[in-house]
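Okay, structure first, notes after.
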Amino acid sequence: MVKELEKAGFPVAHMCNLVPVSQSVGANRIVPTISIPYPLGDPSTPPAEQWKLRYHRVGVALEALATNIEQQTIFPVRI
Amino acid sequence: MKTVVCYINQFFAGIGGEEKAYQEPYIQEGCVGPVQAIQAALEDAQVTHTLVCGDNYMGSDTEKAVARILELLEGHVPDLFIAGPAFQAGRYGLACGTICQAVQEKFSIPALTSMHPENPGVEMFRQKVIIFQGGKGAVKMRADVQTMIRFANKLLSGQPNEGAEAEGYFPRGCRHEKFLEDKRENTAAYRGVQMLIRKMHGQPYRTELAIPAPEQVPIAPAVSDLSHAVVAMVTSGGIVPSDNPDRIQSASATRWGRYDISGMERLEAGVFKTIHAGFDPTAANADPNVVVPLDAMRAYEKEGKIGRLHPYFYSTVGTGTTEAEARRMAQEIIPHLVADGVTAVILGST
């Protein structure tokens, strides 16, 4: 789906946990998430912490959409 | 003598074209239409029955059609099942792939079909079903039947499968065990080093384990000004309104939904949930924002970091879903994005 959307001209930030899969399938802008069942917030942590993580990683994805890249790129996350 | 049952569509059965495409499955003794060519090419096997089903019936009522065909086969289970050739006919290819896979699974007998490389059935079934590489249309009937039945004859007489390339079918990604004479030149180490030497000398060599090269798409240019961007969210994590109004399947999805989020600050538990069967849904059901981060996107919208959020999110289930289906679903979603002037997409996978 990422590739079809990108083919249509939309930059796509792929937020996923299985980064190697995303790479091998051919996503261009990849932002790692923390797990499969809860990509953007670990339920064993307080809601405030989950929010911080989610807000940060979505922010990275938005920056990725605004970043011109020459090759497939995994955007680093801090939280 | 070994037995064969063949499957053809309404058109090749000679009962009609589009107007008969909803024909329910039926079984007939002996050969019908092109099945005569199959019988003629078979060396020591008899086509006992021909199954016929309309392509649209198979395409739209797949479960019923497959169940009925399996029922019709009871009592006539052959040594080998052959469907098609389907050439470049998409619906027919889909039907042949579907029924070959179902017959293989139910009766544990081999099933063969034949299609043109561009038939979408190839992509959908090549890993599960032996699909011979065929021509574009029925003018290639003779040649396609010959190729397929050459292999059928080998299979029925117990000769070994020489592999996809030698036999003429699309590689399934299966590796066949092969015993070589016990000598140095046949060891994996020797073969590997020879290959490396050829590679270093720029000479042609052939890998023994082909890794399919993913199709790369050109990198879409970045949005020039994020503060004016219209961003849409898409997920393969199966987040849907609690009653799953589009009845998106929990696995091997073929359906997707678009859900209105205008006026919502976050996805509330109880209002949205996940129907994805590939992971524990507890966390996603308790807070769907961990999969579709509406709350964070709203925050960025308020801050003015993005222009606005597209008022719908799009959802399907990514487990067991074929690449071909995923591609089609994305293609169906695109016009909705274009219509609202969306400029960038965040796609979340689980």
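Letters A, B, ... mirror the listed sequences (proteins, then strands); counts begin at 1.
- For B/Ile346, the parts lying near chain A are the backbone and the side chain together; criterion is any non-hydrogen pair under 4.5 Å.
- Within the 3.5 Å criterion, the main-chain N or O of A/Tyr55 finds a donor-acceptor partner in the side chain of B/Tyr300.
- Interface residue B/Leu226: only side-chain heavy atoms are found under 4.5 Å from chain A.
- Distance check: B/Thr350 OG1 to A/Met15 CE gives 13.0 Å after rounding to the nearest 0.5 Å.
- If you measure heavy-atom distances from B/Thr316 to chain A, the contacts under 4.5 Å come from the side chain alone.
- Counting heavy-atom pairs closer than 4.5 Å to chain B, the top-ranked of the candidates A/Asn17, A/Val31, A/Leu5, A/Leu18 is A/Leu5.
- The structure places CE of A/Met1 at 12.0 Å from CZ of B/Arg327, a figure rounded to the nearest 0.5 Å.
- The distance from the CG atom of A/Leu62 to the OG atom of B/Ser227 is 12.0 Å, given to the nearest 0.5 Å.
- For a residue to count as touching a neighbouring chain, one of its non-hydrogen atoms must lie under 4.5 Å from one of that chain's; by this rule A/Gln50 touches chain B with the side chain only.
- Contact annotation: the side chain of B/Pro221 approaches that of A/Asn68 to within less than 4.5 Å [non-hydrogen atoms, C-beta and beyond].
- Within the 4.5 angstrom heavy-atom criterion, only side-chain atoms of B/Glu303, from C-beta onward, approach chain A.
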*Taking it one step at a time, do A/Arg29 and B/Ile219 satisfy side chain to side chain contact (heavy atoms under 4.5 Å, CB included)?*
CA-CA 9 Å; A/Arg29 292 175 171 86; B/Ile219 297 168; 3.8 Å; yes

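- Closest heavy-atom contact between A/Ala8 and B/Ile334: CB-CD1, 3.6 Å.
- A distance of 9.5 Å separates CG in A/Leu40 from CG in B/Asn289, rounded to the nearest 0.5 Å.
- Scanning both residues, B/Pro293 and A/Arg54, for their nearest heavy atoms gives CB-CD, 3.7 Å.
- Ranking A/His56, A/Glu70, A/Arg57, A/Glu63 against chain B, the residue ahead of the rest is A/Glu63, based on heavy-atom pairs under 4.5 Å.
- Using a 4.5 Å cut-off between heavy atoms, B/Val291 touches chain A through backbone and side chain atoms alike.
- Within 6.0 Å of atom NE2 in B/His336, more than 12 heavy atoms from other residues, nucleotides or ligands are found, so the atom counts as buried in its surroundings.
- Note that CZ of A/Phe10 is 8.5 Å distant from OG1 of B/Thr343, once rounded to the nearest 0.5 Å.
- For the set B/Val231, B/Thr235, B/Val342, B/Ile306, the count of heavy-atom pairs under 4.5 angstrom toward chain A peaks at B/Val342.
- In this structure, the separation between CD1 on B/Ile333 and CD on A/Glu4 is 11.0 Å, given to the nearest 0.5 Å.
- Of the residues considered (A/Pro43, A/Pro39, A/Gly59, A/Gly41), A/Pro39 shows the highest number of contacts with chain B, using heavy-atom pairs under 4.5 Å.
- The two residues B/Phe279 and A/Pro37 come nearest to each other via the heavy atoms CD1-CA, 3.5 Å.
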